[in-house]
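Data block below; observations after.
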Amino acid sequence: NLTEAEELFAKTLDDANRKKLQKITNQDALIKIANAISICTPDAVFINTGSEEDVEWIRQYSLTKGEEKKLAKDRHTIHFDLPQDQARLVSQTYYIINEGEKMSSLAKSVLRTEAIDYVKQFMPGIMKGMTMIVGFYSRGPVGAEAAIPAIEISSSGYVLHSAELLYRNCFSDFDAEAGRTGLFYTNLHSEGKNRPEDVPNARIFMDRSWMTTFSTFCTYAGNTLLLKKGNHRFTVDYATYYKLEEQLSEHMFITGMTGPNGRKTFFAGAAPSGCGKTTTAMAGTDFVGDDLAQFWIDSDGILRAINPEKGIFGIVEDVNREGDPYLMDCLRGDGTEVIWSNVLVKDGVPYWVGNGEEAPKRGVNFQGEWFQGKTDEAGNPVPMSHKNSRCTLLASAIANHATELAEDPAGVPVKVITYSGRDADTMPPVWVARNADDGVVIGASIVSKATATEVGATGVRRQPWANAPFIPGALADYMQAQFTFFNSSKFSEKTRPIMAGLNYFLTHENRGSEGSGLLGEKKDVKVWLGWLELFAHGDVEAIETPVGFLPRYDDLVTLFRTIDKDYPKPLYDMQFALYVDKILERIELQKEAYSKEADIPARLFDIYGRQKKE
Ligand code: SPV
Ligand code: MN
């Protein structure tokens with residue numbers, strides 16, 4: 001209770017931090033912080049108000065603990081996660097459920113009694129010898145319809161340092177925001193002693209009834225920066241079960257494109273991790289966010305979105321001048337703070353695979369010494385950086401970031417929704433659904449090759465809405481929420497978004513060409529987005545097919561000219577020919593997989609059936 005909580009604060013917090021915490025009056029929040037202290041027993045507690053002084057304390061704490069090290073550039077640091085902890089620990093991530101509760105077959109669950117046993121075994125005293133840091137953040141601009149506040153509690157300076165770059169500190173607005181929304185999320189993390197032998201005991205537990213996420217014995221931000229994917233799982237749940245037809249919570253970028261006469265059109269797009277989402281976001285003229293989007297429909301029937309984040313936790317592999325010039329300016333420039341993770345460091349300079357620069361002969365990475373020609377036990381070459389190595393920085397540092405819009409609680413008006421994956425042989429680079437139902441099915445049908453962002457993932461996999469790893473409830477309920485939302489009568493014919501598929505990964509080999517590798521380049525994304533911008537406003541005609549609308553060659557030629565490229569007709573033919581056998585095969589695969597999932601809306605099978613027939 002509150003009295004006990006206050007007694008505990010008096011014992012564990014020094015005067016300065018107790019004074020800071022007195023600004024928070026939300027009783028539930030205080031009790032949750034007290035519970036965390038009594039379980040984890042840190043030596044001290046630091047309350048982060050987000051002031052420059054407090055953030056500087058966090059930076060120093062992280063450096064002193066050795067979680068981050070300074071790099072040659074001012075405000076650049078490197079953080080290494082343990083080799084066993086380089087990506088989301090999917091098989092160690094669980095939803096806590098009560099006896100009899102329904103779950104998505106794509107997620108793992110654990111009974112509450114087992115979770116409690118885990119907490120009793122592993123968490124008492126986990127922060128001994130360390131300081132617990134408590135930060136208060138808003139997932140979205142403070143006051144936005146779909147913004148929800150959260151508390152991040154961690155013994156890791158790296159985690160709180162990252163939170164300061166990625167989330168909006170709302171220490172002074174926390175009480176009001178928790179009051180307005182009627183809820184807040186609590187996140188509790190400790191890396192413990194940060195030893196490789198502890199990683200098998202690492203767990204990420206999501207407790208839906210307490211809106212709390214626990215994470216232990218790991219540091220990779222996807223496992224520990226619980227405001228991100230940890231809390232995204234809650235917002236997905238909230239949208240599906242409490243805000244049906246009102247809100248959606250998606251694994252999507254948000255970006256604007258400038259059309260004729262300066263017209264701004266906003267896009268939001270889903271893609272699984274490691275499939276070009278950040279690049280697509282930054283290819284727009286008005287970049288808003290690269291990972292998450294919260295949607296609602298306003299009283300004018302306009303789809304609006306906010307980015308719950310204010311920063312980027314981006315994959316750096318293959319980031320280079322050619323494909324990602326603005327990000328590269330930040331990474332190689334002096335203008336902004338960057339936390340690097342799991343790249344190669346040589347003389348204080350970070351290097352990564354695919355950066356388009358000359359690689360150093362040797363250096364240090366998350367596995368220790370690295371040198372050119374290094375091989376693993378099986379004799380395979382060891383790359384200089386991990387495939388999932390990352391950079392953490394403010395989104396506002398990116399040259400085309402629309403900072404004012406991104407910070408507007410009214411959100412941005414979204415006209416185009418895209419879904420993309422990593423599809424080497426079936427769908428064209430861009431196509432538009434004929435209606436909302438078909439659009440929902442594009443989202444349901446995303447596929448990708450397994451990527452480095454999940455430990456142990458292999459093979460080709462279905463990636464429903466690129467959101468499947470974050471759907472706690474039944475997949476059927478999430479799907480129904482999609483059908484309901486995009487068919488909402490709150491949209492008018494004018495405001496209803498168009499829904500499209502994107503695919504950058506078709507290969508020459510799969511189109512019977514002499515060439516090899518990808519059919520196209522990273523920067524072509526500007527053309528696909530540009531065409532969607534025109535199509536969304538009825539400025540171009542399209543070719544109607546059973547899978548949707550496809551662009552005409554002449555319109556693409558014009559758009560390719562704007563990025564100084566020719567667009568040969570044979571390339572168009574290879575990219576946009578519909579490989580009917582492949583498409584039918586893909587429909588079968590999806591139908592079969594979905595028929596194993598409980599209670600999937602019949603509408604999905606009707607649409608697959610109709611596409612097949614046509
Ligand atoms: C992703 O992999 O989709 C990310 C990084 O955005 S993580 O936080 O690991 O999910
Ligand atoms: Mn992501």
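Nothing here was measured: the structure is a model prediction, and the numbers come from that model. Atoms within each ligand, like the ligands themselves, are counted from 1 in listed order.
If you number the atoms of ligand 1 from 1 as listed, the ones under 4.0 Å from a heavy atom of Lys228 come out as 6 (O), 8 (O). Within ligand 1, counting atoms from 1 as listed, the ones closer than 4.0 Å to a heavy atom of Arg390 are 1 (C), 2 (O), 4 (C), 5 (C). Every atom of ligand 1 with a heavy atom of Tyr220 under 4.0 Å away is listed here by number and element: 5 (C), 7 (S), 9 (O). Taking every non-hydrogen atom of Ser273 and a distance limit under 4.0 Å, the qualifying atoms of ligand 1 come out as 1 (C), 2 (O), 3 (O).
When each of His79, Glu68, Glu67 is paired with His161, the side-chain hydrogen bond (donor to acceptor under 3.5 Å, both in side chains) condition holds for Glu68 and for no other. Screening Trp340, Tyr220, Tyr158 for a ring pair (Phe, Tyr, Trp, His ring centres under 6.0 Å) involving Phe313 leaves a single residue, Tyr220. Of the candidates Glu177, Glu407, Glu309, Arg168 forms a salt bridge (Lys or Arg N to Asp or Glu O under 4.0 Å) with just one, namely Glu407.
Ligand 1 is approached by His251 to a heavy-atom distance shorter than 4.0 Å.
Considering only residues two or more places apart in sequence or on other chains, Asp291 meets the salt bridge (charged side-chain N to carboxylate O under 4.0 Å, His left out) condition with Lys228, Lys229, Lys277. Every residue two or more places apart in sequence or in another chain was checked for a side chain to side chain donor-acceptor pair (under 3.5 Å) with Glu246, and none qualifies.
Protein nitrogen, oxygen and sulfur atoms, that is N, O or S, within less than 2.8 Å of the Mn ion (ligand 2) amount to 3.
Residues Tyr118 and Phe205 place their aromatic rings such that the two centres sit under 6.0 Å apart.
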Could you go through residues 468-477 and list every donor-acceptor pair under 3.5 Å that involves a side-chain atom there, pairing it with any protein atom two or more places apart or in another chain?
unit_1 : atom_1 : unit_2 : atom_2 : d
Asp477 : OD2    : Tyr241 : OH     : 2.6

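Nearest heavy-atom pair, Val159 versus Leu225, reported as atom, atom and distance to 0.1 Å: O-CD1, 3.3 Å.
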